[in-house]
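When reading the values below, keep in mind they use all heavy atoms of this one structure, side chains included, and skip hydrogens, waters and symmetry mates.
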Amino acid sequence: MNKALLNSEQQLAVDYNQGPLLVLAGAGSGKTRVIIHHIIQLIEKGVSPKQIVAVTFTNKAATEMRERVSSKIDLSPLICTFHSLGVRILRESIEHLGYSKNFVIYDEEDALKMLRACIKELQIEDKTITPKAVKQIISKAKNRLEEPQEDSSSSMGQVAPQIFKLYQNKLFEASAVDFDDLLFLPTKLFKEFPAVLDIYQSKWQHLLVDEYQDTNHAQYTLASQLVAKHRNFFVVGDPDQSIYTWRGANIQNILNFEKDWSDARIVRLEQNYRSTSTILEAANHLIENNENRYKKNLWSDLGEGERIYKFNAFNEREEADFIVDTLSQNQKKYQINLKDMVIFYRTNAQSRPFEDELLRRNIPYTVVGGMSFYQRREIKDVLAFLKLLNNPSDTVSFLRTINLPKRGFGEASLAKILHFANRSPHNLIEACQELLKPGAPIRLNQKQLQGLTDYINLLSALKKISHESPLNELVYQTIQRSGYLNILKSDPDSSDDRKANIDELVAKAIDWEDQNPEGTLSQFLEELTLNTSQSNEDAHDRLVLMSVHNGKGLEFHSVFLTGMEETLFPHINSFNLHNGIEEERRLCYVGMTRAKRILYLTRTMSRFIWGGARSMRPSRFLREIPSKYCQKVDDEEEEYQDSYVERQAPTSTEKSEFSLGEVVYHQEFGIGKVQKIKNSSLGITYDVNFQKDGSTKTLLAKFAKLSSI
DNA sequence: TTTGTATGTATTTTT
DNA sequence: TACATACAAA
């Protein structure tokens, strides 16, 4: 892409290099191009690449941007996600907060294990207090940079602060941080140690943030702290593409930019260079159904192109069959590669039928996200050994590996060991060594003694290897010496698959070493935890399958947007959420605007969910797209418009559990009173007026989990 | 303490 | 469905 190809607004943004600038960039308006050219121009004007930081939202976007920048200049600036920026700061400076530099990053699963332990330790019997629910509360609090407040109106509100404290303590003792800490701790660090902040402010003179509409309060604060001094703050975003409010993203961050920075300059990019006018206008019509929205006029001069294809399948197998069939044909018809097409879905679970069909026809594909490679049990098991070498205080990894293979340590003995280690000056592994000495404070049986000896020996042997040999050798030896492959054999059904994954892990280690000759074990582990999407798969021509969330920032010649059905897309869980439908609609908008030329919207009449076939109604989003932009693939399509109206009418035969005026309890919203009971096609709904904030919410009986008091 | 079976229960989206 | 936890038995 050449400079001359920039339009005047883009050029304006690129040239602006002093003070705060907000680029409101509609879908496909070339925002990445603007960011890249801006970076290059800064460098050409004499700014050192080391003084520039560009923050993106996903690893995929960061990688792509890094590649595009480094193809133009020799020394690339730091381009990473908010979370990896956080890690970078913490690796250098976390010791101010008392943590060890060797800290590990706990992923969601690790964190949940930690929380389960906390709940157990506090002897909380209430079974509504699940690790998952607590995690959500803690996560929300951290992203708002708050401590969880005591809230006596619910049992959760009462215990959450207690659990939070213990959890944070346990993390600290394990030299571990969770994902939220990667944002939470740096802001805390900067607040408490202004001198440290000062160092980073001088080091990073230019901060660029992509997808600014998706920043949460912690990210917003971190960015604000960093730019407070030099004020060179270049942010790019599109309020219509805000799809992460569920994880604390605050759309006000972008809407308030002018208020936050009185001298802010705003540039609007409204010409779309990606999609045909048909696709773009259809998407525009859809998004106009959102009430909470600033109007904008995004246009394209790429011509009308083809109309949007709509297909109505009988069930998800037929949907998959149709799509795979069509995309094979389209490959020839449009002379495109597999990787120019994408299958989007709302939930990761929907990938299954597509995978089955692709496997059946031998079409290569990659699934992005979902249950990623590094979240597989066998991979996490092997990595846990490695993590322990790196950080011998890592409790979660210890508990994961101590019984691989079975060494006879049950819940009771492990609790004793952890307790002992906690009160001793040693780390976990050293404490275990103490236990092998005569006169140890904990009595172990023969099997346990032998097991612990083997375990300690294994770890020290691996430690030695880690000093002497390359990483791939270490990974290989870990698998060999732990006898992990034998452990896998106990479950013959899965062992072949798992073995293959283990082999792949070794291959990845070799690969990683090739690309990071100077890399350390710690960096390797960190990248695996943070970088869930695989990076180097692009070389092959494969069809990509992913959730719509993962599609943000990408573009494809052909897009298949699947599962366009009520309760799936929009997802049923959004129905009770404040502005939930609007966020779903933005998500749909994001999905549609990924398409350059060809867009398919597909749905099914029946879908297998929750162990049974359920009949599905078409998504409201399909109705919101004017039919003049669409064409139907099947001839039966006409039927659904009629049957749709009819099918809305019948109400469910469900009986109301509560009566009008009854006082009920909701886990999140607290105590409320039933104002209205309706029987809709989706089942019984209640309008409940909640005490806490006086709001009235419409809740679906099936999903809101109300209880009487 | 481990292992097997039964039962329940939840299923969005991601760093 | 399919996964995780609970419980019982060895």
Side-chain angles (χ1 to χ4, degrees), chain A residues 55-62 80-87 105-109 111-113 116 120 127-128 130-133 135-136 139 142-143 177-184 211 214-216 218-219 242-249 344-352 368-372 374-375 377 403 405-414 444-445 447-448 451 490-491 526-533 546-552 563 567-577 580 583-584 586-588 590-591 607-614 702-703 705:
Chain A
V55 179
T56 64
F57 217 71
T58 62
N59 293 302
K60 214 170 180 140
C80 61
T81 63
F82 262 113
H83 287 82
S84 25
L85 187 70
V87 178
I105 303 162
Y106 279 175
D107 69 10
E108 207 67 11
E109 192 195 340
L112 285 174
K113 281 188 174 167
R116 195 163 294 132
K120 197 154 216 177
K127 55 185 190 301
T128 65
T130 61
K132 230 177 169 179
K135 181 86 218 303
Q136 246 177 35
S139 177
K142 281 185 179 173
N143 282 322
V177 302
D178 65 16
F179 280 143
D180 301 315
D181 282 337
L182 297 179
L183 307 170
F184 178 76
E211 310 283 9
D214 279 325
T215 50
N216 61 34
Q219 292 164 327
S242 163
I243 54 175
Y244 283 98
T245 56
W246 52 273
R247 113 180 180 197
F344 279 140
Y345 34 75
R346 177 63 181 78
T347 68
N348 287 306
Q350 285 165 257
S351 73
R352 197 66 165 273
V368 176
M371 179 61 154
S372 96
Y374 298 107
Q375 288 169 315
R377 196 181 73 201
N403 278 321
K406 302 255 180 269
R407 296 183 228 270
F409 288 94
E411 205 184 318
S413 346
L414 289 173
L444 299 174
N445 65 35
K447 187 181 181 193
Q448 290 173 325
S490 63
D491 182 3
E526 181 175 305
E527 213 163 286
L528 298 196
T529 319
L530 240 45
N531 217 342
T532 46
S533 66
M546 62 176 111
S547 69
V548 189
H549 280 90
N550 264 313
K552 194 153 81 153
T567 72
L568 187 60
F569 200 4
H571 197 277
I572 191 157
N573 289 6
S574 69
F575 292 7
N576 290 336
L577 260 47
E583 177 141 321
E584 294 289 304
R586 288 194 294 268
L587 188 58
C588 184
V590 168
R607 189 175 285 279
F608 226 76
I609 304 177
W610 297 343
R614 291 177 28 145
K702 259 179 279 184
F703 293 90
K705 283 178 222 135

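- The residue Arg586(A) sits apart from the nucleic acid: no heavy atom pair falls under 4.0 Å.
- Rounded to whole angstrom, the span from the CD1 atom of Ile243(A) across to the C1' atom of dT12(B) amounts to 12 Å.
- Within the 4.0 Å cut-off from OP1 or OP2 of dT14(B), at least one side-chain nitrogen or oxygen of Asn550(A) is found.
- You can call His571(A) stacked on the base of dT12(B); the centres are under 5.5 Å apart and the planes sit within 30°.
- The side chain of Arg247(A) sits closest to dT15(B) out of dT13(B), dT15(B), dT11(B).
- Rounding to whole angstrom units, OH of residue Tyr345(A) and C1' of dT11(B) are separated by 16 Å.
- Ser413(A) comes within 4.0 angstrom of the backbone, heavy atoms only, and of no base.
- Phosphate contact (OP1/OP2 of dA10(B), side-chain N/O of Lys132(A), threshold under 4.0 Å): absent.
- OP1 or OP2 of dT14(B) sits under 4.0 Å from a side-chain N or O of Ser547(A).
- OP1 or OP2 of dT15(B) has not a single side-chain nitrogen or oxygen of Thr529(A) nearer than 4.0 Å.
- Rounding to whole angstrom units, CD of residue Glu583(A) and P of dT12(B) are separated by 15 Å.
- Among the atoms of the strands shown, only primed sugar atoms or phosphate atoms (P, OP1, OP2) are found under 4.0 Å from some heavy atom of Lys406(A).
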Q: Would you write the dot-bracket representation of DNA chain B, where each base gets (, ), [, ], | or . depending on whether it forms a Watson-Crick or G-U pair under 3.5 Å and with which partner?
A: ||||||||||.....
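- Between Asn216(A) atom CG and Lys142(A) atom NZ the span is 13.0 Å, to the nearest 0.5 Å.
- In this structure, Glu527(A) CD and Ile105(A) CD1 are separated by 10.5 Å, a value rounded to the nearest 0.5 Å.
- Summary of the strand contacts: Gln448(A) and Phe57(A) both lie near DNA chain B, and taking for each the nucleotide with the nearest heavy atom, the more 5' one is attributed to Gln448(A).
- Ring pair Tyr244(A)/Phe57(A): centre-to-centre distance below 6.0 Å.
- Note that CG of Leu85(A) and CG of Leu183(A) are 9.0 Å apart. Values are rounded to the nearest 0.5 Å.
- Protein chain A contacts DNA chain C from dT1(C) to dT5(C), reading 5' to 3' and using non-hydrogen atoms of the protein with a distance under 4.0 Å.
- Here the SG-CD distance, from Cys588(A) to Glu583(A), works out to 13.0 Å after rounding to the nearest 0.5 Å.
- Glu108(A) comes within contact range of at least one nucleobase, with a heavy-atom separation under 4.0 Å.
- Distance check, rounded to the nearest 0.5 Å: CZ of Phe569(A) to CD of Gln350(A) gives 9.5 Å.
- OP1 or OP2 of dT13(B) has at least one side-chain nitrogen or oxygen of Asn348(A) nearer than 4.0 Å.
- By the 4.5 Å heavy-atom criterion applied to side chains, Gln448(A) and Arg407(A) are not counted as neighbours.
- A gap of 15 Å separates the P atoms of dA6(C) and dT11(B), to the nearest Å.
- Ranked by how close their nearest DNA chain B nucleotide is to the 5' end, Asn403(A) and Arg346(A) are led by Asn403(A).
- Separating the CG atom of Leu568(A) from the P atom of dT12(B) is a distance of 11 Å, rounded to the nearest angstrom.
- One finds the CD atom of Gln219(A) at 7.0 Å from the CG atom of Asn143(A) (value rounded to the nearest 0.5 Å).
- In this pair, His549(A) and Trp246(A) present their aromatic rings perpendicular. The plane angle is above 60°, beyond the 30 to 60° band.
- By the criterion of a centre-to-centre distance under 5.5 Å and near-parallel planes under 30°, the ring of Phe82(A) forms no stack with the base of dT15(B).
- For Phe409(A), the ring-ring contact (aromatic ring centres under 6.0 Å, His included) test picks out no residue, with sequence neighbours left out.
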